[in-house]
Amino acid sequence: MKLHHNTSDAYRLLHNGTLAMGRAERQGIRVDLGYVTKEKSRLSREIIDKESELKDTEFFKRWEKSVVKEVNYNSAVQLGNYLYKVLKLEPPKLTKGDKGSVDEEVLNILKIPELQTILRIRKLKKIRDTYLDQFSREQIDGYIHPFFNLHLVRTFRSSSDHPNFQNIPKRDEEAMNIVRRALLPRPGHQLLEVDYSGLEVRISACYHKDENMLRYIKNPATDMHRDMMEQIFKIKYNGSEEHRLLRSAAKNGFVFPQFYGDYFVNNAKDMACKWGGLPAGVWKDDQGISIGACTLGEHLRKQGFRSIRSFETHLEKIQQDFWENRFPEYARWKRQSWNLYKRRGYVDMLTGFRCSGVMGKNDVSNYPIQGSAFHCLLWAFIELDRTLSMRSFRTKLIGQIHDAIIFDVYPPELETIAKLVHEVTTKELPKAWKWINIPLEVEAELCPVDASWAEKEKYKLIA
DNA sequence: GGAACTCGCCAC
DNA sequence: AAACGTGGCGAGTTCC
């Protein structure tokens, strides 16, 4: 596939973006090296403990007897052989290469206590070897300098490496705390993160201009994920913890995958496994969906769904309704883009970039949205970087995560910075790019002075 | 000893 | 008819 920055606007964005990224790269991010060293050895101690716990089991001794050389419990191949060939268990799920999978989901399903130990070790190793190790390896005088590449990604998004600053743990509480605790502001400064809310969904609306989608975006009283949750589970949203969980199942298990081009069969399976706590295997059969204790399963059973089949059929209808009635203009835009691509061999982005070459149906609609959503962030990043250097602020931009900017803030400048960021990201950008037909919103998080990136708190940019 | 592959897992 | 988009990186493995 080929990419072109075929307008001077697109060229300038890449040119100025590269310069701005370069400045952030040179600034770098401060690392607490003493902490990293101590934390790595603490993790190593726990790994050794768990290891001896594992090696002490009958499960492991049988494994040792089954192999000629030494057992490596970190090896997916060896674990797969042991579970599915020696112990002759039925693989609940296969990998892309058609072998028995041994990922986290599968190991949880198998209900073998020793596999929990392996999962624990995997997690600790991930934290130590992928994140903390990278920080100590890449740091120079106590600062890491992640690269932000603008020339590597098919969609004209960015990527980051050495170390990758764009995949630092966030959702897993423990991993998040351990890893982010290592990243600090400059002495006497504080870290600030500003995120665009729902940027890709909003940018998609700039392409398809779907009336119903525009209503959802423009009216803060409405919530498409809540509506989808009510439709899928046939209940009225009441804001309880349970209902919030079901809303997130609807959002991340149906709405977003549908936008990206997934379909109801996968949605049903995925929702059942991830939010219903159900083994993947049983979904192949026409088995009951109330196995185990699970919120989602409970609700579905109450609604009269007795099998995966019936839930699938239900989601099939919802999918139909989703594209035919809820977002018909979005669906039309997807079809039109695909037809246009088939005639011309390329798709253009609203930001002046062109993707051409062999693309799949989903790519044709996903690439322009993903790319130009990032370009919004990039435009704001360039503008803020320019203003901050021109006015000799001591606050610096130090990184970017697709729809978020990370600042190292000099506290006396905080209020000025907050106003400026809000102005540039939500007001100036739509003035510069007339095709933005929706309001843009940002959310911010701020760490206390001298506190690590683990200590983010919600922060209002404007009063 | 390195390239290229698979698998698993982190982010948006 | 077909069926989820973009990355980086570590460990294990195989091949040259």
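Side chains are part of it too, since the values below use all heavy atoms of this structure and drop only hydrogens, waters and symmetry mates. Worth saying up front: this structure is predicted, and the values here are computed from it rather than measured.
Contact between the side-chain N/O atoms of S160(A) and the OP1/OP2 oxygens of dG8(C) is not found at any separation under 4.0 Å. OP1 or OP2 of dT13(C) has at least one side-chain nitrogen or oxygen of Q78(A) nearer than 4.0 Å. Phosphate proximity of dG5(C) to Y367(A): absent, as no side-chain N or O sits under 4.0 Å from OP1 or OP2. The phosphate of dT6(C) (OP1 or OP2) has no side-chain N or O of N366(A) nearer than 4.0 angstrom. Neither OP1 nor OP2 of dT6(B) sits under 4.0 Å from any side-chain N or O of T95(A). Listed pair S75(A) / dT13(C) meets the phosphate criterion, a side-chain N or O lying under 4.0 Å from OP1 or OP2. Contact between the side-chain N/O atoms of R122(A) and the OP1/OP2 oxygens of dC9(B) is found at a separation under 4.0 Å. Side-chain N/O atoms of T130(A) include none lying less than 4.0 angstrom from OP1 or OP2 on dC10(B).
Without hydrogens or angle criteria, Y207(A) side chain to K334(A) main chain gives no donor-acceptor distance under 3.5 Å.
For the pair F259(A) CZ and dT6(C) P, the computed distance is 18 Å after rounding to whole Å. L152(A) places its CG atom 14 Å from the P atom of dT6(C), with the value rounded to the nearest Å. Atom CG in N149(A) sits about 11 Å away from atom P in dG7(C), given to the nearest Å. In this structure, Y73(A) atom OH and dC7(B) atom C1' are separated by 17 Å, rounded to whole Å. In this structure, H151(A) atom NE2 and dG8(C) atom C1' are separated by 14 Å, rounded to whole Å. Here dC9(B) presents its P atom at 17 Å from CG of N164(A), a figure rounded to the nearest Å. The nearest whole Å value for the distance from the CD1 atom in I203(A) to the P atom in dC12(B) is 18 Å. Atom CZ in F135(A) sits roughly 13 Å away from atom C1' in dC9(C) (whole-Å rounding).
Annotation: Y346(A) is not in aromatic contact with Y341(A) [ring centroid separation under 6.0 Å not met]. Here F165(A) and H145(A) keep their ring centres 6.0 angstrom or further from each other. Side-chain rings of Y82(A) and F59(A) approach one another, their centers coming within less than 6.0 Å.
Proximity of residues 165-172 of chain A to DNA chain B (heavy atom under 4.0 angstrom from any strand atom) is restricted to Q166(A), N167(A), I168(A), P169(A), K170(A), R171(A).
Distance from the side chain of R154(A) is smallest for dG7(C) among the nucleotides dG7(C), dG10(C), dC4(C). Taking every side-chain heavy atom of D161(A) into account, dC9(C) is the closest of dG12(C), dG10(C), dC9(C). Nearest nucleotide to the side chain of P257(A), out of dT6(B), dG5(C), dC4(C): dC4(C). Listed nucleotides: dC7(B), dT6(C), dG10(C). Nearest to the side chain of K96(A): dC7(B). Side chain of R157(A), nearest nucleotide from dG5(C), dA1(C), dC9(C): dG5(C). With dC4(C), dT13(C), dG8(B) as the candidates, the nucleotide lying closest to the side chain of Y260(A) is dC4(C).
Aromatic ring orientation, H375(A) versus F353(A): parallel (interplanar angle below 30°, classes split at 30° and 60°).
Within 4.0 Å of V102(A), counting heavy atoms only, lie sugar-phosphate atoms of the nucleic acid but no base atom. Counting non-hydrogen atoms under 4.0 angstrom, D363(A) reaches the backbone sugars and phosphates but no base. Within 4.0 Å of R137(A), counting heavy atoms only, lie sugar-phosphate atoms of the nucleic acid but no base atom. Note on K99(A): only backbone sugar-phosphate atoms sit closer than 4.0 angstrom, heavy atoms only; bases stay farther off. Heavy atoms of S365(A) sit nowhere under 4.0 angstrom from any nucleic acid atom.
The CD atom of Q78(A) lies 9.0 Å from the OG atom of S66(A); values are rounded to the nearest 0.5 Å.
Both P163(A) and E200(A) lie close to DNA chain C; mapped to their nearest nucleotides by heavy-atom distance, the more 5′-ward contact belongs to E200(A).
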Stepwise side-chain contact (heavy atoms from CB on, under 4.5 Å) check, Q258(A) with F322(A): CA-CA 9 Å; Q258(A) 284 283 332; F322(A) 189 78; 4.0 Å; yes
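Put simply, the side chain of K126(A) and the base of dC10(B) share no donor and acceptor less than 3.5 Å apart.
K93(A) and D103(A) are joined by a salt bridge, as a carboxylate oxygen and a charged side-chain nitrogen come within less than 4.0 angstrom of each other. R42(A) and E39(A) are joined by a salt bridge, as a carboxylate oxygen and a charged side-chain nitrogen come within less than 4.0 angstrom of each other.
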